[in-house]
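Here the structure comes first, spelled out in structure tokens, and everything after it is commentary.
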Amino acid sequence: MIALISLIPLSSFLSQTVGQSLSLNRSLAKFDYLFLSDFYNTYGEGVQIILNQSIVLVILNFLFSIFLMGGLVASIRKRENKFSFNEFWKNCAYYFGRIFRLTVYFLVFQGILLGILFMLLLANGISPFEVESETELIHHLNVLFTIYLFFATIFFMIQDYAKIHLVYQDKKIIARPIYESFRFVIKNFFHFLFLYLLNVATFFLLCFVYYQLNHLIQPDDMTTITLVFLLGQVFILGRIITKILNLASADHLYRKTILTEENSPQV
Amino acid sequence: MNQPIIRYFICCLFLLGSAFGFAQSKAISDRIANYNIQVELDTVAKKITASESILWKNPSADTIREMQFHLYLNAFRNNRSTFMKEWGEIPDVFRKNLIEDCEWSWIDIKKLKDEAGNDLMPAMSYIHPDDDNEEDRTVLRVVLAEPVLPYDSIRLQLDWVTRIPKTMVRTGYNLDYYFMAQWFPKLGVYEPAGMRYATEGSWNCHQYHAKGEYYADFGVYEVEINVPKDFVVGASGVMIDEQKLGARDSYTFRAEDVIDFTWSASPYFEEIKTEWKGIELRLLVYPAHVHFAERYFTSIKHSLSYFETYFERYPYPILTIVDPPFHGIFSTGMEYPMLITTGSFCLLPEGVRTTETLAVHEFIHQYFMQMIATHEQEEPWMDEGFTTYYEGRIMDHYYGEHESTVDVLGIQFGNKEYNRAEFFAFPNIEIAENARPSWQFKHGGYGRISYNKTAIWLCTLEGIIGRTTMDEIMKTYFQRWKFKHPCGKDFIAIVNEVVQKNHGEKFGKNLDWFFDQVLYGTEECDYTVADIENIKMINPVGVFDDVGNCVGETWTENEPSSYQSKVVLHRLGEMMLPVEVLIQFEDGNTVTELWDGKARSKEFVYTGPTRIACAEIDPTRKIYIDKNFINNSRSTKIQETGIRKHLNQFMVWMQNAMMSFGALI
């Protein structure tokens, strides 16, 4: 819905600038570089305004998604109960502040991680005048990227379980859920990692299928354009579903693990 | 006479003849400046010690009393040289080398004598013909002890030492890679009155500027290069001798009828050879880039074939291609006689053809300015622009008009269209005229105007006069000026000559009006279809002779309609070029009109039973210099399908961007 808002100025802009040009329909058949370059060179300032507006919309959507996250996690937690929109919005508002802070904290963690790795990269040298060949540079990048992937995966897992902890324990201070989810993830690392990778694999499978289907259709008339658009919407829906699936499966594993720990004999 | 003795005598004659022929093949240029250099590379001190003998022939009826030399490497002697001042603030990547490690470069002449043994060192002085910068030492003037009489020659002997720069512009070393360009004291060009723009005989020897390249006379170079053992050496010309001297190796190269000599050395070069119709292609490449060999050879062979078809066969016996290593990136993308440097990146996919583009571009320079030796500083458009034009022709011909440069994941564009887009993306394309000398592009535009703009107006010229005439012009230009030094007016004269021959006065008495705009002016070209009007015609209505009789509309539904239809065109830019206009009616009929493109606006009016559906200026895109093809056409209907497609694409991208950011929550 928010994306739709960005279309209004763009539609008007396109109609007024290039709407009656034959180049527009000629660019249907294939990637038309001449059209795109002339469009950007001539009308670039207008495009930039729309892009800036779009960035604002992306940020607003980001905040809105944070808002929705609390309601989503709470609904998953109480999935045995009948779903109520009232309850959902109430939980969105209730958990918004904490989910927002949690998101900011993890963005900072990711930033620190990237910063450290970037410093390591600089220490090895990135200038072409400092390295023997680009294969050396690529090797460094591969190593650092692997390290990033490993730690980022852990961060994302901890973040998911921190959200669940937060809702389950309903604590105001979020440092505790973060700490407990960290312990929780490390203690049950391989279970959680396996589930996380399974969810990631599901997402990539979705992307692969979408990419293949998208390339089968050439959008050069109203029918095929509509078809490609609908396919895009199905893909977006798929992404939303995989996200909910990710949270739901994490919640299920969390419950199962808690239950197992509670039932395991005390030493 | 004894048979064996006769046979022996004949063999000796044959060997002598071969040696003589090898040493001195038939000259294809005037061979004015000839160099014999012995050079030793010191990889520890990063220096070159050399002994140079120059044989210079006076090409004029003038008596020459002085000689002028380029000492290019003195441009990197300190930050007060003209080159460094024009470069501006020293880029960070060079600061460590230059300022912290003090790795400046210089040429120091130790000895300079003429063949009579006169010491010319006291007669040396640095001059500054371009900017009076007393601290610039890139042009050396030597007053001769004895003048050189008309058409006579002089031999000079120099000994000199150079400190090799580390990773400097186009030349230098890094780690074990050495690329030596503009490395020796090189004579300027003596231009007698009437040559190019010279009104009186004088030396043409500019200082080394941050923008712009080189200019020199043709001659024979024989260079003996002494390097540490196991260094592989590539150079302009053919290797005629190789000696293993224990801890060092010596390679002698000979290049005939060339304007320069460049060489490169590294112990890590791998040598890959092939040939094309007897021409040796020698690739020197580091191991990380060996897999590019086939791509290089294919693109070079395409270029050789193309130029043989449209001009003449490449006249030299060899072409050496140096693919610099990553740490030698400072030397990529340059052209020297019989040697070019390209550039690649080990992970570059097949569909990204920057490697091929560079190889083709640098090869084309063998014709435009290694053979047609235009002045790269005074008229950079004549080599860079022509080369870019043919780069587009070759790349689009062999790799596809719309995918020759990039064809990856559905993104495609060709070379010619990329060059055009790159030019029009420049913030101020009117900043300077095309004909400006390179160092006078003080506020930007040198690359885009010399390279891209020239190529675009050459495409436009081709569009106006036709490919056949264009090819005849270029071939005539090449045949008439190969191994000489033409200037812009020489090229224009040939254009006028050939166009007149083929088309009479169809485009006017000459094409000066074209060059006045594209080359000597800064005008932009932009035509647009401003409006389409379709007015249904009705019978005359109103009051006429009889004021008591008001005539009304008499049209009935059964009567066929009649329309007055009008197309209005505007000239938005200052450039005036003849254009074709295609008008299409709703019944499918079309009309093609010609407009001289001069007035600010123009209309075409039609009366008939059908309305105009759409109109397009220059439908076949002959006027490639038009900055906006989108406004060249207009339909009476909004192109809903196109708008819908772009809107849908944008929406899906936005949604995906939002979802991707949402993954951070």
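Lettering follows sequence order; numbering is per chain, from 1. The basis for the numbers below is simple: all heavy atoms, side chains too, and nothing from hydrogens, waters or symmetry mates.
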Check this for me, if you would: do B:K627 and A:D38 make a salt bridge, where the nitrogen-to-carboxylate-oxygen distance has to be below 4.0 angstrom?
no
About how many Å separate CZ of A:F62 and CD1 of B:I665, when rounded to the nearest 0.5 Å?
4.5 Å
Let me know if B:K637 has heavy atoms under 4.5 Å from chain A in its side chain, its backbone, both or neither.
backbone
What part of B:Q655 gets closer than 4.5 Å to chain A, counting heavy atoms only: side chain, backbone, both or neither?
both
Cut-off 4.5 Å, heavy atoms of chain B, and the answer for A:F35 is both
With a 4.5 angstrom heavy-atom cut-off, is it the side chain or the backbone of A:I138 that approaches chain B, or both, or neither?
side chain
Below 4.5 Å from any heavy atom of chain B, which atoms of A:Q233 appear? Answer side chain, backbone, both or neither.
side chain
When rounded to the nearest 0.5 angstrom, what distance separates OG1 in B:T405 from OH in A:Y33?
8.5 Å
Have A:S37 and B:R420 got a donor and an acceptor in their side chains that come within less than 3.5 Å?
no
Check: B:H646 and A:L24 side chains under 4.5 Å, non-hydrogen atoms
yes
Hey, what do you get for NE2 (A:H215) to CG (B:L409), rounding to the nearest 0.5 Å?
7.0 Å
For atom OH of B:Y268, is the number of surrounding heavy atoms from other residues, nucleotides or ligands below 6.0 Å larger than 12?
no
To the nearest 0.5 Å, how far apart are CE in B:M654 and CG in A:L7?
8.0 Å
Greatest number of non-hydrogen atom pairs under 4.5 angstrom with chain B, of A:D220, A:N25, A:T135, falls to A:N25
Looking at OG of A:S23 and CG of B:N631, how far apart are the two atoms once the value is rounded to the nearest 0.5 Å?
8.5 Å
